[in-house]
Amino acid sequence: MHDFLDKLNPEQRAAVTLPARHALILAGAGSGKTRVLTTRIAWLIATGKASPSEIMAVTFTNKAAKEMLLRLTAMLPINARGMWIGTFHGLCNRFLRAHHREAELPLSFQILDSSDQISAIKRLLKNLNLDDEKFPPREIAHFINAHKEQGLRAANAEAYDEHTKKRVAVFAEYDTQCQREGVVDFAELLLRTFELLRRNEPLRKHYQARFRHILVDEFQDTNRLQYAWLKLLAGAWQKAPEAFPDPGAQIPENEDAETSARLFAVGDDDQSIYAFRGADVGNMRDLEREFGIKNVIRLEQNYRSFGNILDAANALIKNNRNRLGKNLWTDSGAGERISVFECLTDLDEARRVVDEARERIRAGVPPTQIALLYRSNAQSRALEHQLFSNGISYRVYGGQRFFDRQEIRNALAYLRLLANPDDDSAFARVVNFPTRGIGGKSLEALGENARVTHSSLYNAAAGLAGKASAAVGNFIRLVEALRAETQGLALPEIVERMLDKSGLRQHYFKEKEGRDRLENLNELVSAAASFLEERENHPEETSGAEPPDTDALAAFLAYASLESGEHQAGEKEDAVQLMTVHSAKGLEFDEVFITGLEEGLFPHENAMGDRDGREEERRLMYVAITRARKRLHLSYARARMLHGQTRYCLSSSFFDEIPENLLEKRASSAPQTSFLPSARRNFTSAAMSISDAFRNRKNGAESLGQASSLARSDTFGGFRIGQSVAHAKFGQGVIVSAEGYGNDARVQVEFGRAGTKWLSLVHAKLTPA
DNA sequence: CTGCAGCGTTTTTTT
DNA sequence: AACGCTGCAG
């Protein structure tokens with residue numbers, strides 16, 4: 001009937017053409033998940049089962065939302081009019097702008113990103129006279145966000161000890177402060193929306209009736225609040241729920257299709273890698289139970305990778321328990337074996353990986369189809385260095401984003417102050433930047449005044465202007481003049497004017513290293529221009545039931561907070577791709593190199609304390625492996641520079657979980673004569689820095705000897721990772737990682753009851769068990 | 001008030 | 001090794 005259905009396999013087609021029922025699609029890596037999602041929307045519209053305005057599609061990233069829209073418009077000649085496709089946060093922002101009065105927010109409320117949030121907390125702690133050593137702002141932020149993501153306000157937060165009680169008090173004050181300043185953080189965006197829908201029945205009924213189809217991408221990454229919000233919109237609660245989290249009642253299938261949305265969730269529990277920021281895989285099981293889903297559709301045919309790669313992935317992930325269960329298969333043959341590079345040092349690893357990448361490029365692989373993956377960002381340095389000296393162009397993902405740069409944040413703070421003078425964060429950021437003689441003392445007085453009069457810093461400053469400090473008065477006059485001057489100007493001109501008047505441009509012009517910053521500021525003007533253009537081209541998107549928001553400045557600021565700006569400076573063509581395993585999720589490449597496969601690094605030592613952490617690391621490895629289409633390369637280094645110190649490493653335990661017949665150990669790529677000397681030089685210098693550090697010890701030569709012997713065997717002072725050992729006091733345990741050597745050799749042992757401990761091999765008497 | 005030197009920290013990340 | 005923050009001197 002529709003040719004886009006012809007391209008699907010039976011399972012995909014079954015998912016796409018599912019009747020209007022709640023559904024859960026378990027979509028393995030590379031099984032055509034995005035295709036199913038977009039084709040489902042196209043099918044609903046094309047068959048007249050739903051109009052575009054009755055559809056809501058939610059993703060986690062802007063990139064995914066854009067991709068979905070792109071593919072959809074390629075399939076169907078529809079305009080995006082009235083369609084709610086976006087991220088959780090983007091859609092909530094849209095909702096709150098439309099209903100800002102009901103949500104008790106000013107029309108041009110600002111969005112705090114994580115660093116704004118932390119500086120807001122710092123300010124608050126200072127006001128409350130609390131020691132930020134005892135209450136680290138980062139930790140407070142986490143405390144607050146975690147509560148909001150559980151649907152909890154300060155009033156509902158549990159606190160049994162004094163310290164927690166204090167933190168709850170800070171939480172309460174923080175929300176008050178945000179409310180006064182007219183700002184919301186990311187979690188608040190969601191919680192506000194949820195609470196408004198819960199308490200306002202007409203509004204809830206309206207949206208429940210409107211969105212007859214709610215589609216969710218990457219459902220395994222949802223947190224409790226996001227799931228609760230979906231339940232609310234999907235009509236799962238006909239009456240306002242009393243409590244959150246939901247008591248867990250069975251959600252009846254609503255027979256009255258007019259008043260109930262259908263939830264179509266797509267996810268893969270094996271690719272859940274964001275538990276550390278609140279994602280709850282348990283939501284998948286809950287969804288299945290609470291929405292009474294009878295049969296979960298499994299997409300297991302993989303169109304991406306060769307068999308060997310899938311076999312490795314399947315074998316690895318089998319070691320996790322509590323999976324929903326799934327086995328990827330392909331009909332495209334086994335392909336090459338997986339190459340394994342055992343390297344002496346991180347430098348050596350970088351050299352060999354880059355050599356191999358260069359080889360592959362020479363063999364005709366496009367550089368963009370080669371990805372070098374690593375567990376943590378710090379590892380990119382060595383690879384970058386090696387690529388650079390080989391003259392291979394590369395692109396690093398996930399570095400600093402455009403809207404995160406300090407010069408951009410400063411510029412945005414001026415704009416925020418124009419849009420909303422009560423925004424104390426913005427005020428504090430730029431009141432003395434560029435420096436204009438307003439220091440700690442004036443600010444303290446200002447803060448005190450604001451507190452007493454319950455007003456914003458800006459208001460307090462305006463009240464005191466002229467009296468207290470001439471400098472403060474000048475600043476206020478500056479902002480006022482700017483506001484008057486930019487009245488009625490188009491967005492890019494406002495930005496332009498602000499850059500001159502604020503002195504930012506001049507400041508970075510004078511600064512020695514300010515060239516790039518200046519360029520970025522100009523880029524901000526362009527960003528504003530293209531944002532405006534985009535808006536004028538799609539005026540319908542913001543209309544509909546909601547009032548059109550005419551405030552381009554506020555909209556631009558929201559855009560800057562929600563879209564951190566990946567679209568920055570030229571997608572370098574023909575560049576090798578470098579990124580963390582996390583940011584590789586959802587992408588695919590012909591050739592994938594997974595580097596730094598060392599116990600303690602990947603899996604990361606901080607995640608090895610508990611089983612859940614280890615399983616998440618394993619899923620991370622699973623994600624990494626399944627990025628590869630044609631070839632997969634694994635590498636590890638025996639010694640690695642980390643935090644300025646050389647660490648001696650053992651190979652990752654993940655190697656033990658991949659069938660040996662799939663692996664192919666690769667000897668050094670270069671002829672021995674040229675390889676050995678340079679490698680030894682590298683290795684020697686690493687060893688020498690160690691011997692420097694231990695210059696009190698007997699001799700460096702001995703250290704060198706031990707280090708080299710370590711590089712040739714997998715044992716560690718006679719012990720091995722994964723080995724069972726016995727300790728006189730702690731009992732039986734398993735070695736989970738190791739570091740150091742000689743007198744400093746330590747192993748980390750996981751004892752059942754006694755927990756996990758680092759033990760010195762010299763002192764602790766461990767025996768094999 | 002400003003600028004610089006020394007100190008401590010360091011997984012993953014989107015919104 | 002590198003970055004951000006605090007404390008101190010000018």
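Bear in mind the structure is a predicted one, so any value in this text is a computation, not a measurement. Residue numbering restarts at 1 for every chain, and letters A, B, ... go by the order of the sequence lines.
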Would you indicate what [X] reaches in the nucleic acid, counting non-hydrogen atoms under 4.0 angstrom: base, sugar-phosphate, or nothing?
| X | result |
| --- | --- |
| A/K122 | sugar-phosphate |
| A/N432 | sugar-phosphate |
| A/N93 | nothing |

Does a side-chain N-to-carboxylate-O contact under 4.0 Å join [X] and [Y]?
| X | Y | result |
| --- | --- | --- |
| A/E617 | A/R614 | no |
| A/E349 | A/R638 | no |
| A/D423 | A/R429 | no |

Spacing of [X] atom [atom1] relative to [N] atom [atom2], expressed in whole Å:
| X | N | atom1 | atom2 | result |
| --- | --- | --- | --- | --- |
| A/D217 | B/dT15 | CG | C1' | 15 Å |
| A/F186 | B/dT15 | CZ | P | 8 Å |
| A/Q220 | B/dT14 | CD | C1' | 14 Å |

For A/F109, ring-ring contact (aromatic ring centres under 6.0 Å, His included) partners two or more places apart
none
One character per nucleotide, please: for nucleotides 7-13 of chain B, 5' to 3', B when the base has a protein heavy atom closer than 4.0 Å, S when only the sugar-phosphate does, - otherwise.
---BBBB
Where does the chain A footprint on DNA chain C start and end, counting 5' to 3' with a 4.0 Å heavy-atom cut-off?
C/dA1 to C/dC5
Applying side chain to side chain contact (heavy atoms under 4.5 Å, CB included) to A/T580 and not counting sequence neighbours gives A/Y374, A/N377, A/H582, A/S583
A/S561 or A/S442, whichever maps to the more 5' nucleotide of DNA chain B:
A/S442
For A/Q577 and A/Y397, which I'm curious about, is there any donor-acceptor pair between the side chains at under 3.5 Å?
yes
Does anything in residues 108-120 of chain A form a salt bridge (charged side-chain N to carboxylate O under 4.0 Å, His left out)? List the pairs, not counting sequence neighbours.
A/D113-A/R409, A/D116-A/R409, A/D116-A/R416
Listed once per pair and sorted, the side-chain hydrogen bond (donor to acceptor under 3.5 Å, both in side chains) pairs that draw on residues 430-439 of chain A, sequence neighbours left out
A/Y414-A/R436
